[in-house]
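What follows is a single structure, written as structure tokens, with notes after it.
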Number of protein chains: 2
Amino acid sequence: MSPAKKKQPVAAQAGLTMADLAKLAGVSKITVSRALGDSPLVTPETRERIQALARKHGYKLNVSARNLRLRRSHTVAVIVEMKPSSSRTMWDPYPLSLLGGITQELTSAGYSVLLTTRHDAANAAVQAADGLILLGQGVHQDAVKLYDRMGLPMVVWGAESDHDNHIVVGSDNRQSGVSVAERFLSIGRRHPVFIGNSDHPEMAQRLHGFVDELAGHGIKPLLLQRVDWTLESGVAAVHSLASRKVHFDAIFACSDLLAMGAIRALVELGLSVPNDVSVVGYDDTPHGVSFLPPLSTVRQNWQEGGVLLARKVLALIDGQPVASQMLPTSLIVRAT
Amino acid sequence: MSPAKKKQPVAAQAGLTMADLAKLAGVSKITVSRALGDSPLVTPETRERIQALARKHGYKLNVSARNLRLRRSHTVAVIVEMKPSSSRTMWDPYPLSLLGGITQELTSAGYSVLLTTRHDAANAAVQAADGLILLGQGVHQDAVKLYDRMGLPMVVWGAESDHDNHIVVGSDNRQSGVSVAERFLSIGRRHPVFIGNSDHPEMAQRLHGFVDELAGHGIKPLLLQRVDWTLESGVAAVHSLASRKVHFDAIFACSDLLAMGAIRALVELGLSVPNDVSVVGYDDTPHGVSFLPPLSTVRQNWQEGGVLLARKVLALIDGQPVASQMLPTSLIVRAT
DNA sequence: CGATATCAAGATATCGATATCATTACATTT
DNA sequence: AAATGTAATGATATCGATATCTTGATATCG
């Protein structure tokens, strides 16, 4: 048998500890700790001296030790709904935008962001977190309950629902539905269609706002149920309308892709956008701006949403009272 | 003065420790540790008994304590180039896809993913990591050097470069340039144009592959320098060609948006795609499939790229020899 | 001048898990 | 039967930082 050579992990960084620094500076560990922490309990001179020493030797704080002592991880786990091979969510730019805001806010508050997919949310990583942020359209009751049982401060992105009581941050989907309805009414549309998935909580609220506002004017929109949010789905939706000889003059689509698909189909049918039919999409994707004709759409403020999610978890961790909050959306009226 | 009520952070979870479990089970701490770690040093029965007890009481391992003792954080920091307000990267779907693969692989190896933006990469979080993964097209020498100085195992996504020696994982940009050139040659195109930013390392390699392959057939493509990767930029590029009365019959654009813009401009100019001009984009974005005409493009395998990035850091952390690696891309030929 | 207040710094205990070495109980060998 | 081996478990020290309680030195006061 050949002698199996054991691989030596590099991990154990020989880095200095506070004790080492203390010896170097001729003070005690605790003084080093205080100096590095800018505590007022040390003279400015010793503080400077020790900080300089730390810099010089490239001292690295051992975060684990600190967290252990403080009984906090200073870490928030972000659970993203990422199905390994699914096309949609992985590609969807929105979680990344939210992540941007979240990361910004958390790191500037001295917290770290632990990224996790829903599938492996049971792992040790999440156990270490001080708080939880849940992202992803598919987050349903069961998942939320699962995490809830971890007893951690938790904030969810999405639609507010009556029968559960966790903190939610999201776009004001209802209001966006109202806005689109108002817009359609103001330009004299009387036969609007809604394209989207009413089983999806966020979309359902858009639908509600849309329906309610129109109802106030005696109008009942047509609901065109569409599970996919692809361009093809939008095309198919309009074709189905045409084949059923439905009369309509406005479309509120729950995604820009749906909207663009719808417009393409309309053009194919010889209809003019926006003369014959008005179309409003959702999300303000980059493609929409340069679409022909430029797409009217509803814009969500994801950056701010992320920041808000972060603030709420932090507040929860801090034991402060926190309420759910819906962010206003803006209707971007372009050419459609 | 009213007595300032001090807010009480909830953080300090009263959770059980191994010592508590040990008392409950009538064994020593270390036996609990071994039982939970499936060590062969405890009888199957005691292991079962203790694990059941842990489950029953919802025992949560204190990761900080463990990491402290093991002198490892079991954490890899992912540094994403996210400029707070920039439009591009934040929206760009690709980092998320990479993140998907990374997260999958790392968590299944028992590691956590620490998400960081480049800006706050100096924070304590990163110091805690066992390894580093750098994402983002704008990662340049200075940044890499900065992180290099942390002395951590590091892997970078992007283009391989001669004059630095860190591990790189990326798409084989050069080969993709060659493939597109081959395609153009095979369909008899003799006057190709390259649209992109030659200062961008990854794009530069696409250009090199493209140029080299064409040179073998005595053809020298025209380079159209474009810093923006937007649709408008694509439109402008083609218009500039037209106004200069350049003759061309093929376009290799470095992003799908550029390609779509180019096609739009071509159509406006009364040229037919692909009859008069062939166009190939890059990235295989969802919009490309349903573009009219469906866009030919180069697809990168991001999921796998993420997995590979993760594997390489893990190997580095483990002290194994690791080499850079470029992933093959695939040319998706559709209608353009 | 003695007593107390104030300030800087140190000693010690502690957070929760695990590596290492020691111990016990029982089985096997000669 | 004594000696050796083996398997299961335990005792202790340790990872590196910080909270808490002291200590010593200097300043301030009546």
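Letters A, B, ... are given to chains in the order of the sequence lines, protein chains preceding strands, and every chain is numbered from 1. Basis for what follows: all heavy atoms, side chains included, without hydrogens, waters or symmetry-related copies. Fair warning: this is a prediction, and the values are worked out from it, not measured in the lab.
A:P44 comes within 4.0 angstrom of no nucleic acid atom, judged by non-hydrogen atoms across all strands. Here B:V32 lies out of heavy-atom contact (under 4.0 Å) with every strand. Using a 4.0 Å heavy-atom distance criterion, A:T46 is classed as a sugar-phosphate-only contact.
The separation between B:K23 atom NZ and D:dG10 atom P is 14 Å, rounded to whole Å. Between the CZ atom of A:R71 and the C1' atom of C:dG16 there is a distance of 9 Å, rounded to whole Å. Between A:L68 atom CG and C:dA13 atom P the separation is 17 Å, expressed in whole Å.
Within the 4.0 Å cut-off from OP1 or OP2 of D:dA11, not a single side-chain nitrogen or oxygen of B:S28 is found. Between A:T43 and C:dA9, a side-chain N or O to OP1/OP2 separation shorter than 4.0 Å is present.
The side chain to side chain donor-acceptor pair (under 3.5 Å) test applied to A:S39 returns no partner, not counting sequence neighbours. Residues that satisfy the side chain to side chain donor-acceptor pair (under 3.5 Å) test with B:S64, not counting sequence neighbours, are absent from this structure. Considering only residues two or more places apart in sequence or on other chains, A:R311 meets the side chain to side chain donor-acceptor pair (under 3.5 Å) condition with A:E105. Residues that satisfy the side chain to side chain donor-acceptor pair (under 3.5 Å) test with B:Q51, not counting sequence neighbours, are B:D38.
Using modelled atom types, one side-chain atom of A:K312 and one backbone atom of A:A323 make a donor-acceptor pair closer than 3.5 Å. B:D130 contributes a side-chain N or O that, together with a main-chain N or O of B:H74, makes up a donor-acceptor pair within less than 3.5 Å. With hydrogens and angles disregarded, no donor-acceptor distance shorter than 3.5 Å links the side chain of B:T31 to the backbone of B:V27.
Summarising the geometry of B:Y111 relative to B:T75, their closest heavy-atom pair is CD2-N, 3.5 Å, with the distance given to 0.1 Å.
The CD1 atom of A:I79 lies 4.0 Å from the CG atom of A:L132; values are rounded to the nearest 0.5 Å.
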Show the distances under 3.5 angstrom between N or O atoms of the protein and N or O atoms of nucleotides 17-26 of chain D.
residue, atom, partner, partner atom, Å
D:dA17, OP1, A:Y59, OH, 2.3
D:dA17, OP1, A:N62, N, 3.3
D:dA17, OP2, A:M18, N, 2.5
D:dA17, N6, A:K29, NZ, 3.4
D:dT18, OP2, A:S33, OG, 2.5
D:dT18, O2, A:R69, NH1, 2.6

| query | For DNA chain D, what string of dots and brackets results from 5' to 3' when Watson-Crick and G-U pairs need both distances under 3.5 Å, crossing pairs get [ ], and pairs with another strand get |? | reply | ||||||||||||||||||||||||||||||
